[in-house]
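Heads up, the thing below is written out as structure tokens.
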Amino acid sequence: MSDKTVQLISLRNDVLENLEKTYLNEQQVKELGLEKCEEQFHELLVKLAAPPAFTTLRINPRVASGDKDAVIQLVREEIEKQYLRKGWLTPEIIVHPTLTDVLVISNRGPNLDPIQTNYKEVIVDHDCGMAVLRGADVFVQGIMGAHQDLQAGDSVVVYADIDGVCRRGMTQTFTGNKKYVGSGVMRASREQIFVTKEKISGVGVEMTQPLYEAPSLYGVLSAYIFPQNLPSIVCSRVLDPKPGETILDMCAAPGGKTVHIATLMNNIGRVVALDKTPQKVEKVAKNAATWGITCIETYPFDSTQAVDEAADVSGPPPYPQSSFDRVLLDGPCSAFGQRPCCKNRMTLNTLKSYSTYQRKFIEKAVQLLKPGGVLVYSTCTITLDENERQVAWTLQNCPELSLEEQVPHLGGHGMLGSTMKREELQKLQRFDPTMMAMNHDQVDVNLDTIGFFIAKFRKIYKR
Ligand SMILES: C[S@@+](CC[C@H](N)C(=O)[O-])C[C@H]1O[C@@H](n2cnc3c(N)ncnc32)[C@H](O)[C@@H]1O
């Protein structure tokens, strides 16, 4: 994987077979034909290894005295500054045609110029490499190996260590499985990164010729913008929270959707954000503070234990039944929609365990919802078991729920392959990374996204 040819995500064989069965299920094959299904599955493996064609940013309407144009101008200036410094052509930045608080930047790539083999090599870990493919520079913590005498200012080629075998501090040329992610300029010496006692942090390699050109916006203008994948933005919109309501976000960290929900409520009402990991909960609180949001309460808590009839609704969890107007369940999932990813080492057992775990959350979510309330269930994965089949299970086991239409509906419909009827599938929103390649010639921001799934239910009565 050290050249620039098209690559496929690498998976364990049994996981690969399992995903193939999803895309080549009987109903799909009957509908589209075997050849088309095979083509779609191949396209999926290609797309998962590559980044989406767009960067999307949600802008904070509560800053710059609500002057959206002023925020857009700040973002434009920042991106132009970055691109000019790196010698790139300024990208197109547009307001999303449907989501007017979202800015869309077209990324460029892959850059197919020959790799500069005369440059020295830097090896970064897999996740760092994937972040580079989405526009990040290389941070010092992500660097695994670097040539013996590398100095700040040296030009380097950067590769991601796909199998996670590079020992930290390695000096020899890396012979393992590696993915080229671009070239750049060292901003620190090897000695500063690995040897000196006072270890440095920050940017280690500034990526001047990455495989894909995209803005680097981590922690930049953070009071004004939040970089977020388009389907995640759609997800909070589908929940449709209203000022004054009481909302539960069952699996909230790091809080992108929680803060969006509170923003849509104009910071009026109550958003209870739970996540089982305390350090992650702190991130939710930090993100809320950065955007000046005060209506979010954060608690480290296991949401599968969040119901207790004797509890008080106004304080920390647990809560009695029928406490919330709306519930977002964006829970743990196999995350196969996250891209780019060159190698996913998940075992089949782990993959299969998710749907059972998710059902524990669904049962609690339904109990905690007031009659008439709305439940949004979402995942960032592409499997039927965690998506359409999970919805089928939910409708069968929770008769007090009805499936609702979604607004906005920018993605595709539910995939065939469960017991769901066609009219029900139309109400589901599946962002499938293959949608664009299979159906459209034009590059479309609503189609070339991470893989994501959204279902919206209303509780029509109390059991
Ligand atoms: C997909 S992520 C949530 C992303 C988040 N909604 C956002 O948009 O920023 C799933 C989260 O579920 C949390 N989680 C896993 N098991 C949990 C449990 N039993 N109770 C609460 N949170 C849990 C994980 O810590 C993780 O942060």
Side-chain angles (χ1 to χ4, degrees), residues 56-58 60 102 127 218-219 222 225-239 241 247-264 271-291 293 296-308 316-319 324 326-339 341 344 346 350-351 353-368 375-383 386-387 390 429 431 449-456:
T56 44
L57 309 173
R58 190 159 47 73
N60 186 352
V102 175
D127 291 356
Y218 176 77
S222 45
I225 52 167
F226 189 84
Q228 196 172 21
N229 289 306
L230 187 89
S232 296
I233 300 174
V234 171
C235 184
S236 308
R237 289 249 171 214
V238 167
L239 185 69
I247 313 282
L248 174 64
D249 189 348
M250 291 179 87
C251 298
K257 296 182 191 73
T258 325
V259 174
H260 191 195
I261 290 166
T263 306
L264 292 170
V271 181
V272 174
L274 309 182
D275 201 283
K276 105 175 159 182
T277 317
Q279 305 90 293
K280 287 193 180 178
V281 173
E282 282 167 27
K283 278 198 173 169
V284 182
K286 191 166 166 245
N287 280 330
T290 307
W291 271 42
I293 296 286
I296 296 176
E297 293 167 29
T298 57
Y299 302 105
F301 200 80
D302 176 352
S303 291
T304 65
Q305 308 295 321
V307 182
D308 180 352
Y319 300 105
F324 294 92
R326 293 170 204 262
V327 175
L328 173 62
L329 171 47
D330 182 44
C333 72
S334 59
F336 270 107
Q338 290 294 354
R339 49 186 285 230
C341 175
N344 187 320
M346 188 180 293
T350 305
L351 173 61
S353 69
Y354 281 105
S355 62
T356 314
Y357 189 37
Q358 288 154 354
R359 288 175 188 177
K360 294 190 177 159
F361 293 83
I362 294 173
E363 282 166 350
K364 298 301 169 192
V366 178
Q367 289 172 15
L368 288 167
L375 164 64
V376 166
Y377 169 83
S378 58
T379 72
C380 60
T381 198
I382 47 159
T383 68
E386 296 168 78
N387 296 331
Q390 195 68 295
Q429 188 157 198
F431 289 88
T449 64
I450 61 162
F452 203 88
F453 177 85
I454 309 172
K456 179 176 185 177

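Both ligands and their constituent atoms are indexed starting at 1 by order of listing.
- Remark: K456 engages no residue in a salt bridge (Lys or Arg N to Asp or Glu O under 4.0 Å) (not counting sequence neighbours).
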I'd like a table of the close N/O pairs between ligand 1 and the protein (anything under 3.5 Å), one pair per line with both atom names and the distance.
from: ligand 1; atom 1: 6 (N); to: C251; atom 2: O; distance (Å): 3.0
from: ligand 1; atom 1: 6 (N); to: D330; atom 2: OD2; distance (Å): 2.7
from: ligand 1; atom 1: 8 (O); to: K257; atom 2: NZ; distance (Å): 2.8
from: ligand 1; atom 1: 9 (O); to: A252; atom 2: O; distance (Å): 3.4
from: ligand 1; atom 1: 9 (O); to: P254; atom 2: N; distance (Å): 3.3
from: ligand 1; atom 1: 9 (O); to: G255; atom 2: N; distance (Å): 3.0
from: ligand 1; atom 1: 9 (O); to: G256; atom 2: N; distance (Å): 3.2
from: ligand 1; atom 1: 16 (N); to: Y357; atom 2: OH; distance (Å): 3.2
from: ligand 1; atom 1: 19 (N); to: D302; atom 2: OD1; distance (Å): 2.8
from: ligand 1; atom 1: 19 (N); to: Y357; atom 2: OH; distance (Å): 3.1
from: ligand 1; atom 1: 20 (N); to: S303; atom 2: N; distance (Å): 3.0
from: ligand 1; atom 1: 22 (N); to: K276; atom 2: N; distance (Å): 3.2
from: ligand 1; atom 1: 25 (O); to: D275; atom 2: OD1; distance (Å): 2.6
from: ligand 1; atom 1: 25 (O); to: K280; atom 2: NZ; distance (Å): 3.1
from: ligand 1; atom 1: 27 (O); to: A253; atom 2: O; distance (Å): 3.2
from: ligand 1; atom 1: 27 (O); to: D275; atom 2: OD2; distance (Å): 2.8
from: ligand 1; atom 1: 27 (O); to: K280; atom 2: NZ; distance (Å): 3.2

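- Side-chain atoms of D275 come within 3.5 Å of backbone N or O of A253 as a donor-acceptor pair.
- Within the 4.5 Å cutoff, side-chain heavy atoms of E386 are placed close to those of L351.
- R339 places a side-chain N or O within 3.5 Å of a backbone atom of T449 that can act as its donor or acceptor partner.
- The closest donor-acceptor contact from the side chain of N287 to the backbone of P254 lies under 3.5 Å.
- In this structure, the side chains of F361 and T304 come closer than 4.5 Å at one or more pairs of heavy atoms.
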